[in-house]
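Just so you know, residue 1 is the first one in the sequence shown, and it goes up from there.
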Amino acid sequence: MAYITQYQYYNNGQPNPAVEDEINWGSYQYVSLEDIVNNFMLMYTGNHSLVNNEPRYKVLFHAKRAIQELNYDAFKEIKILELDVCSSLRYVLPSDYVNWVRISMYRNGLLMPLTENIQTNWASAYLQDNDCGILFDEDGNAISPTNSMIDFDRLKGTKQSIYLNQNSKYYGKSGWNIDGQWYFGYGIEARFGLNTETANANPTFKIDPKKGVINFSSGMSDEICILEYVSDGMENGNDSLVTVNKLFEEFIYAYIEFAVLGSKVGVQEYIIARARKRKSALLRNAKIRISNIHPGRLLQNLRGRDKWLK
């Protein structure tokens, strides 16, 4: 009797990959983009259907748009990326990045959430003469330095920040963190008005969406950063890797039907309204299903509700 491995059972007899991490054990709960388009073309189009004579590329476009909207709104699937932050204090965002969920520093087996700096910590600059006039090259382009002054202070750690060691007499005072050592000015009077929004012992960050990078404060140098972010689900343009949870499969069919009918000329408004209501109802149902609301879990959370708090 011939035996097959667990990987071959779940992947239609394909041989095991060389690396264990490449095995996708959860593939059965997803349906591919190709299957979605094929199913729609077979079951929802034809002479006796509302959608007819629609080319495949239009159906593919609307299917992708539906998956993107689900990734932005309904999916609870977050991508996680780990990278080292070098002395440049810059973290390049992944190519499929859309929005961040949490940014943390990994140290000693713990994730330390970082605070977003409400003030900018980066800027562009131009070289100027003694009269503050901008200098240009022979092609008429403004000349820029390697780093602006605010970037230089951030990279060198010379920008003032708040010292948050409660065991020190300098707790809550402004100082300079240079090469891991703190320096303080001479205190003349007491300090008032601590900004609790940025009062965090961990480093801070600021995202530059135009350049696609995260700029960190000097305390993040040579540390490990964990980025949790939301993607659009398009897998860098590789349609063969795009999948969607089966709980949302019926919604995607309804979304494609509504989008196609809404873009056609001569379709009655009540038909478009009916397709819109069906799409919204299926999305609502899918969100409820994927929320994993089960009686057993609710009971587990409600245990001890009558316990007295002392």
Side-chain angles (χ1 to χ4, degrees), residues 4 7-15 17 22-79 95-99 229-294:
I4 63 174
Y7 175 81
Q8 293 173 330
Y9 175 80
Y10 285 105
N11 292 272
N12 300 322
Q14 297 295 325
E22 295 179 0
I23 300 178
N24 185 3
W25 301 113
S27 59
Y28 187 77
Q29 59 184 316
Y30 295 92
V31 58
S32 65
L33 175 63
E34 182 181 4
D35 289 342
I36 290 176
V37 176
N38 291 338
N39 293 341
F40 187 88
M41 297 296 294
L42 288 173
M43 307 305 298
Y44 289 87
T45 62
N47 296 329
H48 300 286
S49 303
L50 290 175
V51 179
N52 54 16
N53 298 326
E54 286 297 324
R56 181 183 177 87
Y57 70 87
K58 285 189 176 181
V59 176
L60 178 62
F61 170 78
H62 292 305
K64 287 184 176 181
R65 286 295 305 135
I67 295 176
Q68 286 177 319
E69 292 296 330
L70 288 175
N71 276 274
Y72 302 151
D73 178 47
F75 283 168
K76 295 183 178 181
E77 298 175 4
I78 299 174
K79 290 191 173 183
S95 57
D96 58 345
Y97 169 87
V98 174
N99 198 6
Y229 68 99
V230 176
S231 173
D232 60 354
M234 291 295 100
E235 303 297 340
N236 296 319
N238 191 347
D239 293 347
S240 62
L241 299 178
V242 178
T243 57
V244 64
N245 195 293
K246 290 181 178 179
L247 297 176
F248 291 93
E249 183 178 0
E250 193 67 25
F251 161 76
I252 295 181
Y253 297 143
Y255 182 98
I256 298 173
E257 184 181 51
F258 164 72
V260 171
L261 293 175
S263 61
K264 296 185 70 173
V265 178
V267 180
Q268 293 88 339
E269 186 62 31
Y270 77 91
I271 296 180
I272 299 177
R274 185 177 65 186
R276 183 188 299 110
K277 290 181 179 179
R278 178 170 177 267
K279 172 182 71 73
S280 301
L282 289 174
L283 177 60
R284 201 161 44 242
N285 293 341
K287 284 183 176 180
I288 295 175
R289 289 173 179 173
I290 207 169
S291 62
N292 289 328
I293 301 177
H294 301 297

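Rounded to the nearest 0.5 Å, atoms OH (Y255) and CZ (R278) are 14.5 Å apart. Rounding to the nearest 0.5 angstrom, the gap separating the CD1 atom in I67 from the NE2 atom in H62 is 13.5 Å. Between the CG atom in N245 and the CD1 atom in I290 there is a gap of 4.5 Å [rounded to 0.5 Å]. How far CG of L261 is from CD1 of I271: 7.5 Å, rounded to the nearest 0.5 Å. Within the model, atoms CE of M41 and CD1 of I36 stand 14.5 Å from one another, a figure rounded to the nearest 0.5 Å. Residue R65 holds its CZ atom at 12.5 Å from CD1 of I256, rounded to the nearest 0.5 Å.
In this structure, the side chain of S231 engages the main chain of G233 through a donor-acceptor pair within 3.5 Å. The backbone N or O of E34 sits less than 3.5 Å from a side-chain atom of N38, completing a donor-acceptor pair.
Checking V244, T243, L60 one by one against L33, the side-chain contact (heavy atoms from CB on, under 4.5 Å) holds for a single residue, L60.
Between D232 and N71, the closest heavy-atom pair is O-ND2, 3.4 Å.
Environment of NZ in K277: sparse, with no more than 12 heavy atoms of neighbouring residues, nucleotides or ligands closer than 6.0 Å. More than 12 heavy-atom neighbours from other residues, nucleotides or ligands sit within 6.0 angstrom of CD on E235.
Relative to the six-membered ring of F258, K279 meets both conditions, a distance below 6.0 Å and an angle of at most 45° to the axis. In this structure, K79 fails the cation-pi test against Y97, since its NZ or CZ atom is not both closer than 6.0 Å to the six-membered ring centre and inside 45 degrees of the ring normal.
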TODO: Just do the side chain to side chain contact (heavy atoms under 4.5 Å, CB included) check on E54 and K264 with the steps written out, would you?
DONE: CA-CA 10 Å; E54 286 297 324; K264 296 185 70 173; 3.5 Å; yes
- [ ] Before giving the answer on side-chain hydrogen bond (donor to acceptor under 3.5 Å, both in side chains), spell out for N99 and Y72 the whole-Å C-alpha distance, their side-chain angles and the decisive distance to 0.1 Å.
- [x] CA-CA 9 Å; N99 198 6; Y72 302 151; over 6 Å; no
Task: Audit row: S49, N52, side-chain hydrogen bond (donor to acceptor under 3.5 Å, both in side chains) steps and yes/no - done: CA-CA 6 Å; S49 303; N52 54 16; over 6 Å; no
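For the 3.5 Å distance criterion, the side chains of Y253 and N39 qualify, holding a donor opposite an acceptor.
Using a 4.5 Å cut-off on side-chain heavy atoms (C-beta onward), L70 and L283 make contact. Annotation: side chain of V242 is in contact with side chain of M234 (closest heavy-atom distance under 4.5 Å). Contact check for Y44 versus L50: no side-chain heavy atoms found under the 4.5 Å cut-off.
Classified by interplanar angle (parallel below 30°, tilted 30° to 60°, perpendicular above 60°), the ring pair F251/F248 is perpendicular.
The residues E257 and R274 are annotated as not salt-bridged, no charged nitrogen and carboxylate oxygen being separated by less than 4.0 angstrom. Taking a cutoff of 4.0 Å between a charged side-chain nitrogen and a carboxylate oxygen, K64 and D239 qualify as a salt bridge.
Not a single side-chain hydrogen bond (donor to acceptor under 3.5 Å, both in side chains) links N285 to another residue, sequence neighbours left out.
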